[in-house]
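Notes follow the structure.
Below, all heavy atoms of this structure are taken into account, side chains as well, without hydrogens, waters or symmetry copies. Numbered from 1 within each chain, the chains take letters A, B, ... in sequence-line order.
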There are 2 protein chains.
Amino acid sequence: MKLSTKGRYGVRAMLDLAINASENHISLKSIAENQKISEHYLEQLIATLRKAGLVKSIRGAQGGYTLAYPSSQITVGAVLRALEGSLAPVDCVLEDEPYECDISTCCVTKKIWERVRDSINEVVDSITLQDLVDDYRKIHSNDGYMFYI
Amino acid sequence: MKLSTKGRYGVRAMLDLAINASENHISLKSIAENQKISEHYLEQLIATLRKAGLVKSIRGAQGGYTLAYPSSQITVGAVLRALEGSLAPVDCVLEDEPYECDISTCCVTKKIWERVRDSINEVVDSITLQDLVDDYRKIHSNDGYMFYI
DNA sequence: TGAAACCCGAGTAGAAAAGTAGGGATTAAT
DNA sequence: ATTAATCCCTACTTTTCTACTCGGGTTTCA
């Protein structure tokens, strides 16, 4: 029941972008350095986020990435689902294409997993990147990047 | 962010025991057959549940397993945590021995994972095996074992 | 033109999940 | 007492997935 590095790294990368949203765009390299994440690996994660429409890229020299929307409009849930897929704890309660049990109506335990899925989504959808930025600014006064996992 | 088969099989096995709690004890073999789970694999899961004090075993011929407590006193959460360990989505918010980040006070994202962890625990701790038995009886009228995942 | 960036697909080592194998210990029934 | 059913235990294997790495290609600014 663990989140993979995709989700964790992704949220941190997006938070990095949100914190530095004042600058026009940020290079992959600098995010990777700040967050101590393999550059090439992060590239793949950001590519996923771009395809999901959560970040925009600027190509060429001096290029980089920016958030596609204001940080107050991007939830942690959207980031996680883009990278991890559905947050359903078992495949029979996937939101889009639930895996059909042989005898789905008989599946008593399904109710448990639906409730777990919904409660996870509720939490992560209630937190925006801006909330994280606010928390971050409360702790730091522009003293660099210090939010590791 | 998926539950492993340990957790899913474990809950189903415990539900099987709860449904048949009227009989004194049930053999591993019959649970495995009912639930369509490899007998040898289920044996390992039940061993874990026994060591966690959730089921009792009777050895020898005609032996088997029973719940260690009334089904109304065993939560899904207890079963899941016995088999899966902490339901924390990342190691830095494990209840018992949280993985210490280098700079833990600075970890803004930690708050997210704490809230996710707590909400998962809240859901699974609010559901007892008896709740599942009640659901099961609502759907079936003693027509066998039909709750697959 | 060249360097700094983003873009893309394939491959890979290690870890974890899921299950197998094989035997030992206990006990009810005969 | 013997047998068969059952639980108990350790180790091994197979499959899948994670978390990368590799090696390029393309775009754009200076």
What nucleotide, of [options], holds the atom closest to the side chain of [X]?
X        : options                  : result
Arg59(A) : dC8(D), dT26(D), dC29(D) : dT26(D)
Ser57(A) : dC7(C), dA3(C), dC7(D)   : dC7(C)
Gln62(A) : dC7(D), dA5(C), dC9(D)   : dA5(C)

Taking the nucleotide of DNA chain C with the closest heavy atom to each, which residue, Gly63(A) or His40(A), is nearer the 5' end? Gly63(A)
Length of the line joining [X]:[atom1] and [N]:[atom2], which is rounded to integer Å:
X        : N       : atom1 : atom2 : answer
Tyr65(A) : dA5(C)  : OH    : C1'   : 9 Å
His25(A) : dA4(C)  : NE2   : P     : 15 Å
Arg8(A)  : dT18(D) : CZ    : P     : 13 Å
Glu43(A) : dT26(D) : CD    : P     : 15 Å
Ile31(A) : dA5(C)  : CD1   : P     : 12 Å
Ile26(A) : dC6(C)  : CD1   : P     : 11 Å
Leu49(A) : dC8(C)  : CG    : C1'   : 16 Å
Leu28(A) : dT27(D) : CG    : P     : 19 Å

Examine [N]: is either OP1 or OP2 under 4.0 Å from a nitrogen or oxygen in the side chain of [X]? Give yes or no.
X        : N       : result
Thr5(A)  : dA19(D) : yes
Ser4(B)  : dA16(C) : no
Tyr41(B) : dA21(C) : no
Ser38(A) : dT21(D) : yes
Ser27(B) : dC7(D)  : no
Arg50(B) : dC9(D)  : yes
Tyr9(B)  : dG19(C) : yes

Side chain to side chain contact (heavy atoms under 4.5 Å, CB included) with Ile112(A): which of Asp135(B), Leu80(B), Ile127(B)? Ile127(B)
Of Val11(B), Leu49(B), Ile46(B), Thr5(B), the one forming a side chain to side chain contact (heavy atoms under 4.5 Å, CB included) with Leu83(B) is Leu49(B)
Around atom OH of Tyr41(B), are there more than 12 heavy atoms from other residues, nucleotides or ligands closer than 6.0 Å? yes
Does atom CD (Glu122(B)) have a neighbourhood of more than 12 heavy atoms from anything else shown, all under 6.0 Å? no
Base, sugar-phosphate or nothing for Ile46(A)? Non-hydrogen atoms, less than 4.0 Å. nothing
Verdict with reasoning, Asp96(B) to Arg81(B), per salt bridge (Lys or Arg N to Asp or Glu O under 4.0 Å): CA-CA 12 Å; Asp96(B) 39 357; Arg81(B) 280 188 299 270; over 6 Å; no
Assuming nearest nucleotide by heavy-atom distance, tell me which of Glu39(A) and Ile58(A) is located more 5' along DNA chain D. Glu39(A)
Could you walk me through whether Glu84(A) and Ser4(A) satisfy the side chain to side chain donor-acceptor pair (under 3.5 Å) test, starting with their C-alpha distance in whole Å, then the side-chain angles of each, then the deciding distance to 0.1 Å, before giving a yes or no? CA-CA 8 Å; Glu84(A) 301 261 345; Ser4(A) 73; 2.8 Å; yes
Distance-only donor-acceptor test, Gln44(A) side-chain atoms vs dT21(D) base atoms, 3.5 Å: yes
